[in-house]
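One structure below.
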Amino acid sequence: MVEHVLHTKVRRAFEARFQRDPDLIVRAPGRVNLIGEHTDYNDGFVLPVAVDRAAWLAVAKTDDAWAKVRALDMQNDEETFSVDRVPASNGGWADYPKGVVWAMLERDLSPVGILAVLTSDVPVGAGMSSSAAVEVVFGFAWDQLSDFDLKLPELALLCQRAENEYVGVNCGIMDQMISACGRAGHAMLLDTRSLQRAYFSMPDGIAIVVADSNVRRSLSGSEYNVRRAQCENAVSILKAHLPEIKALRDVTPEQLKRFGEELPDVVYRRARHVVTENARVLAVSRDLYEGDLVHVGKLLVEGHISLRDDYEVSIPELDTLVEAAIEVDGCYGARLTGAGFGGCIIALADEDAVPDLAAHLNEVYTARHSRQPAVYITRPGDGVTVVG
Ligand code: GLA
């Protein structure tokens, strides 16, 4: 089998830097989400796929208690830190491995010292979970080298904790779970409350097309937290009538209609997005299983409109890409993927229709926004794996 180009790159860079062979090469993917946006921090459902772009780590265990970590994509930036006592975060890329060690120590796990070289082809800031891929690749490598034997969902939770409490980004569990537990050829339906998963195979002849607006997320940190707070606000108001609810996951569309008048308009619309989106995730999973792609496509577009109008996390560039995609014959539907405010859309299309789709997206987007999108097919891949 021919080695992936990043496999070779990361191994050679490791050998050149440390004058020895790595013990392991580990790969952890980024993701796109088919549907279920901003539902994970509401205990809801998501349907992501792990993609064929990933973070790659060449790594070896040492006898001391230091981690020496180098990132090829950051001008070979290298940091050394103690795995017994992690220094405070400083906003650099190495916050991810430091955060993973921090979260392990919080769980009374003692990770070994390592030498490591990292590279990745998951675009940064594009809403494809480049940071979760880095957390999971380091987390898995440490788990293997330190013989912790963590279950993959435990590893995902640990990486999420690193991101929430050490890096300081209040994300949900979707990205780490799919990077850890993805399955080639499949989308993963995840209940973010119980972490139960079901895998749905993607139909033959259908492509998941990514169109990257090349607008990088800017507001997402603060706006993301504002959305979270609005969802919590909705729950606290609705609890007066529905004392049993813990999260918006527990509210049905009918209940929201019935008691929604008591919510401020903006809070009502945020809640409506989450409640209807949860229903869409389950419907898309069922339709994928039954092969009803026309209905899947319709639900993807409804999901986009809900993110645009009720959740207000789209931007004109993403709306243009979605509108242009669904004009093309053989494209079933499209929507923004990830947190929003920039990044990518995904479109589901017949493989035969992809050349026309790419040409149309390029033409319309460039004419309207004076910049080019990056359009490519992505193939559902496996979650984190040792590859050598
Ligand atoms: C980001 C977060 C995820 C999820 C999405 C929105 O990717 O990391 O946890 O909340 O946004 O669906």
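Both ligands and their constituent atoms are indexed starting at 1 by order of listing.
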Kindly assign one of parallel, tilted or perpendicular to the pair H369 and Y365, based on the angle between their ring planes and the thresholds 30° and 60°. tilted
Ion pair present between R227 and E223, side-chain N to carboxylate O less than 4.0 angstrom? yes
Can you list, by chain and residue number, every protein residue with a non-hydrogen atom closer than 4.0 Å to ligand 1? R31, E37, H38, D40, Y41, C171, G172, M174, D175, Y224, A339
Partner set under ring-ring contact (aromatic ring centres under 6.0 Å, His included) for W142, not counting sequence neighbours: F138
Among Ile, Leu, Val, Met, Phe, Trp and Tyr joined by side-chain contacts under 4.5 Å, find the other residues sharing a cluster with Y199 and list them by chain and number. V46, L157, I173, M174, M177, I178, M188, L190, L195
Going by ring-ring contact (aromatic ring centres under 6.0 Å, His included), name the residues that satisfy it together with H295, two or more places apart in sequence or in a different chain. none
Could you tell me the separation between the CH2 atom of W66 and the OG atom of S82, rounded to the nearest 0.5 Å? 5.0 Å
